[in-house]
There are 2 protein chains.
Amino acid sequence: MSTPYSIIIADDHSMFLDGLTSILANETSIKIILTAKTGTQVIKYLRINSEEKIDLVITDINMPEMDGVELNAAIKEEFPKVKTLVVSMLEDAKKIKVLTEANANGYISKNAEKTELLKAIKSILHGENYFSPRIKQVLMEAMFSDKLEPEISLSKRETEVLKLIALEFTTQEIADQLFLSKHTIESYRKNLISKLGVRNLAGLTRYAVEKGMLD
Amino acid sequence: MSTPYSIIIADDHSMFLDGLTSILANETSIKIILTAKTGTQVIKYLRINSEEKIDLVITDINMPEMDGVELNAAIKEEFPKVKTLVVSMLEDAKKIKVLTEANANGYISKNAEKTELLKAIKSILHGENYFSPRIKQVLMEAMFSDKLEPEISLSKRETEVLKLIALEFTTQEIADQLFLSKHTIESYRKNLISKLGVRNLAGLTRYAVEKGMLD
DNA sequence: CTGAATATCACGGTTTTCAGTGAAAACAAA
DNA sequence: TTTGTTTTCACTGAAAACCGTGATATTCAG
(Lines give C-alpha, C1' and ligand atoms only; values in the text may rest on other atoms or scores of the structure.)
Protein backbone atom coordinates (compact mmCIF):
# COMPACT_ATOMS: atom_id res chain seq x y z
CA MET A 1 0.00 0.00 0.00
CA SER A 2 1.17 3.51 -0.80
CA THR A 3 1.45 6.35 1.70
CA PRO A 4 -1.91 7.51 3.01
CA TYR A 5 -3.50 10.76 1.89
CA SER A 6 -3.18 13.64 4.33
CA ILE A 7 -6.31 15.60 5.07
CA ILE A 8 -7.46 18.46 7.28
CA ILE A 9 -10.98 18.84 8.62
CA ALA A 10 -12.49 22.19 9.63
CA ASP A 11 -15.79 22.58 11.45
CA ASP A 12 -16.78 24.60 14.48
CA HIS A 13 -19.01 21.83 15.83
CA SER A 14 -16.60 19.53 17.58
CA MET A 15 -19.20 16.83 17.73
CA PHE A 16 -19.26 16.74 13.97
CA LEU A 17 -15.48 16.89 13.95
CA ASP A 18 -15.29 13.89 16.27
CA GLY A 19 -17.86 12.09 14.20
CA LEU A 20 -16.04 12.61 10.95
CA THR A 21 -12.80 11.58 12.58
CA SER A 22 -14.39 8.38 13.79
CA ILE A 23 -15.80 7.63 10.38
CA LEU A 24 -12.50 8.17 8.64
CA ALA A 25 -10.52 6.30 11.28
CA ASN A 26 -11.45 3.05 9.56
CA GLU A 27 -10.00 4.24 6.29
CA THR A 28 -6.36 3.22 6.27
CA SER A 29 -5.74 5.18 3.09
CA ILE A 30 -6.56 8.44 4.85
CA LYS A 31 -4.66 10.18 7.60
CA ILE A 32 -6.19 13.12 9.44
CA ILE A 33 -3.42 15.61 10.05
CA LEU A 34 -5.40 18.34 11.74
CA THR A 35 -8.89 19.15 12.89
CA ALA A 36 -9.63 22.86 13.16
CA LYS A 37 -12.52 24.99 14.34
CA THR A 38 -11.93 28.00 12.16
CA GLY A 39 -10.69 28.68 8.67
CA THR A 40 -7.81 30.81 9.90
CA GLN A 41 -6.41 27.88 11.84
CA VAL A 42 -6.25 25.88 8.63
CA ILE A 43 -4.51 28.63 6.71
CA LYS A 44 -2.00 29.15 9.50
CA TYR A 45 -1.20 25.45 9.54
CA LEU A 46 -0.74 25.33 5.79
CA ARG A 47 1.59 28.34 5.89
CA ILE A 48 3.74 27.02 8.69
CA ASN A 49 3.97 23.46 7.42
CA SER A 50 4.26 24.36 3.79
CA GLU A 51 6.78 21.63 3.08
CA GLU A 52 4.36 18.95 4.26
CA LYS A 53 1.97 17.92 1.55
CA ILE A 54 -1.73 18.17 2.37
CA ASP A 55 -4.03 16.50 -0.13
CA LEU A 56 -7.45 17.62 0.97
CA VAL A 57 -9.24 20.06 3.25
CA ILE A 58 -12.78 19.17 4.27
CA THR A 59 -14.62 22.21 5.51
CA ASP A 60 -17.99 23.30 6.78
CA ILE A 61 -19.52 26.51 5.42
CA ASN A 62 -20.65 28.13 8.64
CA MET A 63 -17.71 28.91 10.85
CA PRO A 64 -16.68 31.87 12.93
CA GLU A 65 -13.79 34.12 11.83
CA MET A 66 -13.31 32.68 8.36
CA ASP A 67 -16.14 30.70 6.86
CA GLY A 68 -15.96 27.86 4.38
CA VAL A 69 -16.37 30.04 1.32
CA GLU A 70 -13.54 32.33 2.33
CA LEU A 71 -11.37 29.41 3.38
CA ASN A 72 -11.86 27.75 0.03
CA ALA A 73 -10.92 30.94 -1.78
CA ALA A 74 -7.86 31.42 0.41
CA ILE A 75 -6.68 27.85 -0.19
CA LYS A 76 -7.14 28.06 -3.94
CA GLU A 77 -5.26 31.33 -3.92
CA GLU A 78 -2.29 30.35 -1.76
CA PHE A 79 -2.16 26.58 -2.04
CA PRO A 80 -3.72 25.64 -5.37
CA LYS A 81 -2.56 22.03 -5.11
CA VAL A 82 -4.66 21.38 -2.04
CA LYS A 83 -8.10 19.97 -2.89
CA THR A 84 -11.20 21.13 -1.06
CA LEU A 85 -14.45 19.44 -0.16
CA VAL A 86 -17.19 21.60 1.31
CA VAL A 87 -19.70 19.95 3.58
CA SER A 88 -22.69 21.95 4.69
CA MET A 89 -26.09 21.48 6.18
CA LEU A 90 -27.61 24.14 3.98
CA GLU A 91 -28.19 23.96 0.28
CA ASP A 92 -27.75 27.62 -0.50
CA ALA A 93 -27.66 27.98 -4.26
CA LYS A 94 -25.70 31.22 -4.17
CA LYS A 95 -22.95 29.89 -1.95
CA ILE A 96 -22.67 26.77 -4.04
CA LYS A 97 -22.36 28.92 -7.14
CA VAL A 98 -19.62 31.01 -5.57
CA LEU A 99 -17.84 27.84 -4.51
CA THR A 100 -17.93 26.28 -7.94
CA GLU A 101 -16.65 29.52 -9.40
CA ALA A 102 -13.87 29.50 -6.82
CA ASN A 103 -12.91 25.99 -7.95
CA ALA A 104 -13.93 24.02 -4.90
CA ASN A 105 -13.47 20.34 -5.75
CA GLY A 106 -16.64 19.11 -4.16
CA TYR A 107 -19.76 19.95 -2.22
CA ILE A 108 -21.99 17.59 -0.32
CA SER A 109 -24.76 18.03 2.19
CA LYS A 110 -24.46 16.98 5.80
CA ASN A 111 -27.41 14.72 5.37
CA ALA A 112 -25.52 12.76 2.77
CA GLU A 113 -24.87 9.17 3.67
CA LYS A 114 -21.51 7.96 4.92
CA THR A 115 -20.98 6.10 1.66
CA GLU A 116 -21.52 9.27 -0.32
CA LEU A 117 -19.04 11.12 1.84
CA LEU A 118 -16.41 8.45 1.22
CA LYS A 119 -17.23 8.43 -2.47
CA ALA A 120 -16.76 12.19 -2.62
CA ILE A 121 -13.47 12.07 -0.76
CA LYS A 122 -12.09 9.31 -2.94
CA SER A 123 -13.23 10.95 -6.16
CA ILE A 124 -11.50 14.15 -5.22
CA LEU A 125 -8.31 12.43 -4.09
CA HIS A 126 -8.25 10.69 -7.47
CA GLY A 127 -8.37 14.02 -9.23
CA GLU A 128 -12.05 14.30 -10.04
CA ASN A 129 -14.53 16.80 -8.70
CA TYR A 130 -17.59 15.66 -6.81
CA PHE A 131 -20.89 17.47 -6.52
CA SER A 132 -23.79 15.39 -5.31
CA PRO A 133 -26.82 14.96 -7.58
CA ARG A 134 -28.92 16.94 -5.15
CA ILE A 135 -26.47 19.83 -5.32
CA LYS A 136 -26.33 19.74 -9.09
CA GLN A 137 -30.08 20.00 -9.13
CA VAL A 138 -30.10 22.99 -6.78
CA LEU A 139 -27.52 24.65 -8.99
CA MET A 140 -29.58 24.09 -12.11
CA GLU A 141 -32.66 25.51 -10.46
CA ALA A 142 -30.69 28.52 -9.33
CA MET A 143 -29.52 29.10 -12.89
CA PHE A 144 -33.08 29.11 -14.12
CA SER A 145 -34.55 31.23 -11.39
CA ASP A 146 -31.66 33.66 -11.77
CA LYS A 147 -32.56 34.20 -15.38
CA LEU A 148 -36.20 34.69 -14.55
CA GLU A 149 -35.38 37.02 -11.71
CA PRO A 150 -32.62 39.09 -13.23
CA GLU A 151 -30.94 39.72 -9.90
CA ILE A 152 -31.40 43.27 -8.71
CA SER A 153 -28.02 44.82 -8.04
CA LEU A 154 -27.69 47.86 -5.87
CA SER A 155 -24.79 50.28 -5.93
CA LYS A 156 -22.82 51.12 -2.81
CA ARG A 157 -24.66 54.34 -2.22
CA GLU A 158 -28.02 52.73 -2.82
CA THR A 159 -27.20 50.04 -0.31
CA GLU A 160 -26.04 52.60 2.20
CA VAL A 161 -29.16 54.72 1.82
CA LEU A 162 -31.47 51.73 1.91
CA LYS A 163 -29.89 50.59 5.13
CA LEU A 164 -30.46 53.95 6.78
CA ILE A 165 -34.02 54.08 5.50
CA ALA A 166 -34.73 50.68 7.01
CA LEU A 167 -33.20 51.87 10.27
CA GLU A 168 -35.99 54.44 10.61
CA PHE A 169 -34.08 57.54 9.61
CA THR A 170 -36.01 60.15 7.65
CA THR A 171 -34.87 61.52 4.33
CA GLN A 172 -33.65 64.74 5.96
CA GLU A 173 -31.68 62.86 8.60
CA ILE A 174 -30.02 60.65 6.05
CA ALA A 175 -29.13 63.68 3.96
CA ASP A 176 -27.49 65.30 6.98
CA GLN A 177 -25.63 62.16 7.91
CA LEU A 178 -24.18 61.66 4.44
CA PHE A 179 -23.68 65.38 3.73
CA LEU A 180 -25.98 65.21 0.73
CA SER A 181 -29.00 67.15 -0.39
CA LYS A 182 -32.42 66.07 0.77
CA HIS A 183 -33.33 65.83 -2.90
CA THR A 184 -30.61 63.33 -3.56
CA ILE A 185 -31.90 60.99 -0.90
CA GLU A 186 -35.38 61.40 -2.28
CA SER A 187 -34.10 60.28 -5.65
CA TYR A 188 -32.54 57.19 -4.11
CA ARG A 189 -35.78 56.43 -2.36
CA LYS A 190 -37.70 56.57 -5.60
CA ASN A 191 -35.16 54.55 -7.50
CA LEU A 192 -35.07 51.92 -4.79
CA ILE A 193 -38.84 51.65 -4.75
CA SER A 194 -39.09 51.13 -8.50
CA LYS A 195 -35.94 49.00 -8.70
CA LEU A 196 -37.04 46.63 -5.99
CA GLY A 197 -40.63 46.57 -7.17
CA VAL A 198 -42.11 47.59 -3.84
CA ARG A 199 -44.71 50.17 -2.94
CA ASN A 200 -43.34 52.03 0.05
CA LEU A 201 -41.09 52.16 3.09
CA ALA A 202 -42.45 48.87 4.36
CA GLY A 203 -41.35 47.10 1.19
CA LEU A 204 -37.92 48.68 1.32
CA THR A 205 -37.52 47.66 4.93
CA ARG A 206 -38.62 44.09 4.30
CA TYR A 207 -36.11 43.84 1.47
CA ALA A 208 -33.30 45.18 3.65
CA VAL A 209 -34.10 42.85 6.53
CA GLU A 210 -34.49 39.80 4.32
CA LYS A 211 -31.20 40.45 2.56
CA GLY A 212 -29.51 40.75 5.94
CA MET A 213 -28.37 44.31 5.31
CA LEU A 214 -28.87 45.34 8.90
CA ASP A 215 -26.63 42.80 10.62
CA MET B 1 -20.48 -6.18 33.30
CA SER B 2 -24.22 -5.62 33.28
CA THR B 3 -26.41 -5.38 30.17
CA PRO B 4 -25.66 -2.33 28.06
CA TYR B 5 -27.95 0.68 27.97
CA SER B 6 -30.20 0.89 24.93
CA ILE B 7 -30.34 4.20 23.16
CA ILE B 8 -31.93 5.77 20.08
CA ILE B 9 -30.41 8.64 18.11
CA ALA B 10 -32.48 11.02 15.97
CA ASP B 11 -30.99 13.56 13.57
CA ASP B 12 -31.78 14.42 9.98
CA HIS B 13 -28.12 14.87 9.09
CA SER B 14 -26.92 11.37 8.47
CA MET B 15 -23.34 12.51 8.65
CA PHE B 16 -23.87 13.54 12.22
CA LEU B 17 -25.74 10.32 12.85
CA ASP B 18 -22.82 8.30 11.51
CA GLY B 19 -20.43 10.39 13.53
CA LEU B 20 -22.27 9.89 16.77
CA THR B 21 -22.58 6.20 16.06
CA SER B 22 -18.84 5.97 15.52
CA ILE B 23 -18.11 7.83 18.72
CA LEU B 24 -20.41 5.62 20.78
CA ALA B 25 -19.23 2.42 19.11
CA ASN B 26 -16.26 2.40 21.49
CA GLU B 27 -18.53 2.47 24.50
CA THR B 28 -19.31 -1.10 25.41
CA SER B 29 -21.86 0.00 27.98
CA ILE B 30 -24.02 1.57 25.28
CA LYS B 31 -25.93 -0.11 22.50
CA ILE B 32 -27.49 1.90 19.71
CA ILE B 33 -30.83 0.32 18.92
CA LEU B 34 -31.99 2.71 16.25
CA THR B 35 -30.92 5.76 14.32
CA ALA B 36 -33.77 7.85 12.94
CA LYS B 37 -34.09 10.90 10.75
CA THR B 38 -37.35 12.21 12.08
CA GLY B 39 -39.12 12.36 15.41
CA THR B 40 -42.08 10.39 14.14
CA GLN B 41 -39.83 7.42 13.36
CA VAL B 42 -38.71 7.35 16.97
CA ILE B 43 -42.24 7.49 18.33
CA LYS B 44 -43.37 4.74 15.97
CA TYR B 45 -40.50 2.53 17.08
CA LEU B 46 -41.27 3.10 20.76
CA ARG B 47 -44.93 2.25 20.21
CA ILE B 48 -44.30 -0.92 18.28
CA ASN B 49 -41.50 -2.22 20.50
CA SER B 50 -43.06 -1.12 23.75
CA GLU B 51 -41.94 -4.25 25.59
CA GLU B 52 -38.29 -3.54 24.80
CA LYS B 53 -36.75 -1.12 27.24
CA ILE B 54 -35.15 2.00 25.78
CA ASP B 55 -33.07 4.00 28.22
CA LEU B 56 -32.27 7.14 26.29
CA VAL B 57 -33.20 9.06 23.17
CA ILE B 58 -30.62 11.51 21.85
CA THR B 59 -32.20 14.03 19.52
CA ASP B 60 -31.38 17.06 17.43
CA ILE B 61 -33.72 20.07 17.58
CA ASN B 62 -34.06 20.84 13.89
CA MET B 63 -35.71 17.97 12.10
CA PRO B 64 -38.42 17.72 9.47
CA GLU B 65 -41.88 16.41 10.37
CA MET B 66 -41.43 16.36 14.13
CA ASP B 67 -38.66 18.43 15.64
CA GLY B 68 -36.69 17.78 18.80
CA VAL B 69 -38.93 19.89 21.02
CA GLU B 70 -42.06 18.07 19.92
CA LEU B 71 -40.33 14.71 20.10
CA ASN B 72 -39.23 15.37 23.65
CA ALA B 73 -42.76 16.34 24.64
CA ALA B 74 -44.20 13.25 22.96
CA ILE B 75 -41.74 10.95 24.70
CA LYS B 76 -42.36 12.45 28.12
CA GLU B 77 -46.08 12.13 27.52
CA GLU B 78 -46.22 8.56 26.25
CA PHE B 79 -43.04 6.98 27.58
CA PRO B 80 -42.07 8.88 30.73
CA LYS B 81 -39.42 6.33 31.67
CA VAL B 82 -37.36 7.07 28.58
CA LYS B 83 -34.69 9.71 29.19
CA THR B 84 -33.97 12.40 26.61
CA LEU B 85 -30.84 14.30 25.67
CA VAL B 86 -31.21 17.17 23.23
CA VAL B 87 -28.24 18.08 21.10
CA SER B 88 -28.41 21.19 19.00
CA MET B 89 -26.21 23.57 17.13
CA LEU B 90 -28.17 26.58 18.24
CA GLU B 91 -28.37 28.03 21.69
CA ASP B 92 -31.88 29.36 21.48
CA ALA B 93 -32.91 30.43 24.95
CA LYS B 94 -36.61 30.04 24.30
CA LYS B 95 -36.34 26.48 23.03
CA ILE B 96 -34.11 25.54 25.93
CA LYS B 97 -36.65 26.99 28.31
CA VAL B 98 -39.46 25.02 26.72
CA LEU B 99 -37.36 21.88 26.90
CA THR B 100 -36.53 22.26 30.57
CA GLU B 101 -40.20 22.85 31.27
CA ALA B 102 -41.01 19.71 29.29
CA ASN B 103 -38.59 17.78 31.49
CA ALA B 104 -35.88 17.02 28.98
CA ASN B 105 -33.04 15.35 30.87
CA GLY B 106 -30.24 17.18 29.16
CA TYR B 107 -29.20 19.72 26.58
CA ILE B 108 -25.79 20.18 25.04
CA SER B 109 -24.48 22.08 22.07
CA LYS B 110 -23.08 20.41 18.99
CA ASN B 111 -19.83 22.17 19.52
CA ALA B 112 -19.45 20.47 22.85
CA GLU B 113 -16.45 18.17 23.10
CA LYS B 114 -16.72 14.42 22.81
CA THR B 115 -15.90 14.10 26.50
CA GLU B 116 -18.75 16.38 27.42
CA LEU B 117 -21.14 14.38 25.30
CA LEU B 118 -20.13 11.18 27.06
CA LYS B 119 -20.36 12.88 30.41
CA ALA B 120 -23.88 14.04 29.60
CA ILE B 121 -24.98 10.61 28.44
CA LYS B 122 -23.58 8.90 31.51
CA SER B 123 -25.04 11.43 33.90
CA ILE B 124 -28.46 10.96 32.41
CA LEU B 125 -28.24 7.17 32.35
CA HIS B 126 -27.32 7.33 36.04
CA GLY B 127 -30.46 9.26 36.77
CA GLU B 128 -29.16 12.82 36.85
CA ASN B 129 -29.96 15.63 34.48
CA TYR B 130 -27.24 17.33 32.47
CA PHE B 131 -27.24 20.85 31.13
CA SER B 132 -23.89 22.19 30.04
CA PRO B 133 -22.51 25.28 31.82
CA ARG B 134 -22.86 27.26 28.61
CA ILE B 135 -26.53 26.35 28.38
CA LYS B 136 -27.16 27.21 32.01
CA GLN B 137 -25.65 30.60 31.34
CA VAL B 138 -27.84 31.20 28.29
CA LEU B 139 -30.87 30.24 30.35
CA MET B 140 -29.95 32.65 33.11
CA GLU B 141 -29.45 35.48 30.66
CA ALA B 142 -32.80 34.73 29.08
CA MET B 143 -34.46 34.90 32.48
CA PHE B 144 -32.97 38.30 33.13
CA SER B 145 -33.61 39.80 29.73
CA ASP B 146 -37.18 38.55 29.87
CA LYS B 147 -37.74 40.43 33.08
CA LEU B 148 -36.02 43.54 31.84
CA GLU B 149 -37.90 43.50 28.57
CA PRO B 150 -41.44 43.12 29.83
CA GLU B 151 -42.59 41.43 26.66
CA ILE B 152 -44.80 43.63 24.54
CA SER B 153 -48.11 41.92 23.93
CA LEU B 154 -50.27 42.84 20.99
CA SER B 155 -53.96 42.19 20.70
CA LYS B 156 -55.42 40.21 17.80
CA ARG B 157 -56.49 43.29 15.92
CA GLU B 158 -53.18 45.00 16.50
CA THR B 159 -51.35 41.99 15.15
CA GLU B 160 -53.63 41.84 12.14
CA VAL B 161 -53.20 45.52 11.33
CA LEU B 162 -49.44 45.42 11.89
CA LYS B 163 -49.17 42.53 9.48
CA LEU B 164 -51.04 44.39 6.75
CA ILE B 165 -48.99 47.52 7.36
CA ALA B 166 -45.78 45.55 6.97
CA LEU B 167 -47.15 44.07 3.76
CA GLU B 168 -47.17 47.52 2.19
CA PHE B 169 -50.86 48.27 2.41
CA THR B 170 -51.83 51.88 3.07
CA THR B 171 -54.10 52.92 5.89
CA GLN B 172 -57.01 53.36 3.51
CA GLU B 173 -56.53 49.93 1.95
CA ILE B 174 -56.37 48.24 5.32
CA ALA B 175 -59.51 50.04 6.41
CA ASP B 176 -61.33 48.79 3.30
CA GLN B 177 -60.08 45.27 3.77
CA LEU B 178 -61.20 45.07 7.38
CA PHE B 179 -64.36 47.13 6.89
CA LEU B 180 -63.19 49.72 9.37
CA SER B 181 -62.80 53.45 9.30
CA LYS B 182 -59.56 54.94 8.09
CA HIS B 183 -59.34 56.71 11.42
CA THR B 184 -59.39 53.46 13.28
CA ILE B 185 -56.42 52.12 11.39
CA GLU B 186 -54.64 55.39 12.02
CA SER B 187 -55.16 54.89 15.72
CA TYR B 188 -53.68 51.42 15.55
CA ARG B 189 -50.73 52.76 13.66
CA LYS B 190 -50.01 55.30 16.33
CA ASN B 191 -50.50 52.87 19.17
CA LEU B 192 -48.24 50.35 17.54
CA ILE B 193 -45.55 52.95 17.01
CA SER B 194 -45.56 54.04 20.63
CA LYS B 195 -46.10 50.54 22.00
CA LEU B 196 -43.21 49.06 20.08
CA GLY B 197 -40.99 52.05 20.65
CA VAL B 198 -40.26 52.69 16.99
CA ARG B 199 -40.35 55.85 14.93
CA ASN B 200 -42.18 54.94 11.74
CA LEU B 201 -43.30 52.36 9.21
CA ALA B 202 -39.77 51.03 8.86
CA GLY B 203 -39.65 50.20 12.56
CA LEU B 204 -43.06 48.56 12.45
CA THR B 205 -42.02 46.49 9.46
CA ARG B 206 -38.75 45.40 11.07
CA TYR B 207 -40.65 44.30 14.16
CA ALA B 208 -43.14 42.31 12.10
CA VAL B 209 -40.46 40.61 10.05
CA GLU B 210 -38.28 39.81 13.04
CA LYS B 211 -41.19 38.31 14.96
CA GLY B 212 -42.02 36.16 11.95
CA MET B 213 -45.48 37.63 11.56
CA LEU B 214 -45.35 37.45 7.80
CA ASP B 215 -44.69 33.74 7.36
C1' DC C 1 -12.97 57.39 -26.58
C1' DT C 2 -17.65 56.65 -25.61
C1' DG C 3 -21.86 55.12 -23.90
C1' DA C 4 -23.82 53.16 -19.74
C1' DA C 5 -24.16 53.28 -15.04
C1' DT C 6 -23.71 55.94 -10.97
C1' DA C 7 -24.03 59.90 -8.06
C1' DT C 8 -25.61 64.18 -7.37
C1' DC C 9 -29.20 67.94 -7.28
C1' DA C 10 -33.94 70.50 -8.17
C1' DC C 11 -39.15 71.52 -8.00
C1' DG C 12 -44.12 71.21 -7.73
C1' DG C 13 -47.97 68.62 -6.54
C1' DT C 14 -50.46 64.84 -4.20
C1' DT C 15 -50.94 61.37 -0.85
C1' DT C 16 -49.75 59.31 3.34
C1' DT C 17 -47.99 59.21 7.69
C1' DC C 18 -47.28 61.05 12.23
C1' DA C 19 -48.49 63.50 16.62
C1' DG C 20 -51.86 65.19 19.80
C1' DT C 21 -56.31 64.88 21.78
C1' DG C 22 -60.49 62.95 22.61
C1' DA C 23 -64.26 59.66 23.22
C1' DA C 24 -67.85 55.87 23.02
C1' DA C 25 -69.10 51.00 23.04
C1' DA C 26 -68.04 46.14 23.95
C1' DC C 27 -66.11 42.92 26.81
C1' DA C 28 -63.61 40.45 30.23
C1' DA C 29 -61.92 40.14 34.64
C1' DA C 30 -61.71 41.21 39.50
C1' DT D 1 -70.32 46.15 39.47
C1' DT D 2 -66.48 48.63 38.77
C1' DT D 3 -62.22 48.62 36.56
C1' DG D 4 -59.22 47.80 32.73
C1' DT D 5 -58.52 46.40 27.95
C1' DT D 6 -59.82 46.24 23.44
C1' DT D 7 -62.05 47.95 19.57
C1' DT D 8 -63.94 51.44 17.30
C1' DC D 9 -64.32 56.31 15.46
C1' DA D 10 -63.14 61.57 14.70
C1' DC D 11 -60.46 66.05 13.73
C1' DT D 12 -56.39 69.00 12.95
C1' DG D 13 -52.00 70.42 11.49
C1' DA D 14 -47.34 69.39 10.46
C1' DA D 15 -44.08 66.43 8.54
C1' DA D 16 -42.72 63.09 5.56
C1' DA D 17 -43.20 60.20 1.74
C1' DC D 18 -44.39 59.49 -2.96
C1' DC D 19 -44.78 60.80 -8.08
C1' DG D 20 -43.30 62.91 -12.31
C1' DT D 21 -39.94 65.04 -14.79
C1' DG D 22 -36.18 66.78 -15.27
C1' DA D 23 -30.59 68.10 -15.22
C1' DT D 24 -25.35 67.66 -14.64
C1' DA D 25 -21.01 65.52 -13.40
C1' DT D 26 -18.24 61.50 -12.67
C1' DT D 27 -16.74 56.97 -13.30
C1' DC D 28 -15.87 52.86 -15.45
C1' DA D 29 -15.83 49.17 -18.70
C1' DG D 30 -15.90 47.93 -23.61
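Here is how names work: the chains are called A, B, and so on, in the same order as the sequence lines, proteins then strands, and each is numbered from 1.
One finds no side-chain N or O of B:Arg199 lying less than 4.0 angstrom from the OP1 or OP2 phosphate oxygen of C:dC18. For the OP1/OP2 pair of C:dA7 and a distance below 4.0 Å, the side-chain nitrogens and oxygens of A:Arg157 include no atom meeting the criterion. Taking 4.0 angstrom as the limit, B:Thr171 places a side-chain polar atom (N or O) nearer than this to OP1 or OP2 of C:dT17. A sub-4.0 Å separation between OP1 or OP2 of D:dC9 and a side-chain N or O of B:Tyr188 is absent. The side chain of B:Thr184 places no N or O atom within less than 4.0 Å of a non-bridging phosphate oxygen (OP1 or OP2) of D:dA10.
Taking for each of B:Asn200 and A:Ser187 the nucleotide of DNA chain D with the nearest heavy atom, the 5'-most of the two is the partner of B:Asn200.
A donor-acceptor contact under 3.5 Å is not formed by the side chain of B:Lys182 with the base of C:dT17. Below the 3.5 angstrom threshold, one finds a donor paired with an acceptor across the side chain of A:Lys190 and the base of D:dT21.
Counting to the nearest Å, the C1' atom of D:dA23 and the CD atom of A:Glu186 are 16 Å from each other. Atom-to-atom, CG of B:Leu204 to C1' of C:dT16 comes out at 14 Å; the value is rounded to the nearest Å.
When all heavy atoms of A:Val86 and A:Ala104 are compared, the pair lying nearest together is CG2-CB, 4.4 Å.
For the residue pair B:Ser109 / B:Arg134, no side-chain donor-acceptor distance below 3.5 Å is found, with atom types taken as modelled.
Using a 4.0 Å cut-off between a side-chain N of Lys or Arg and a carboxylate O of Asp or Glu, B:Lys37 and B:Glu65 do not qualify as a salt bridge.
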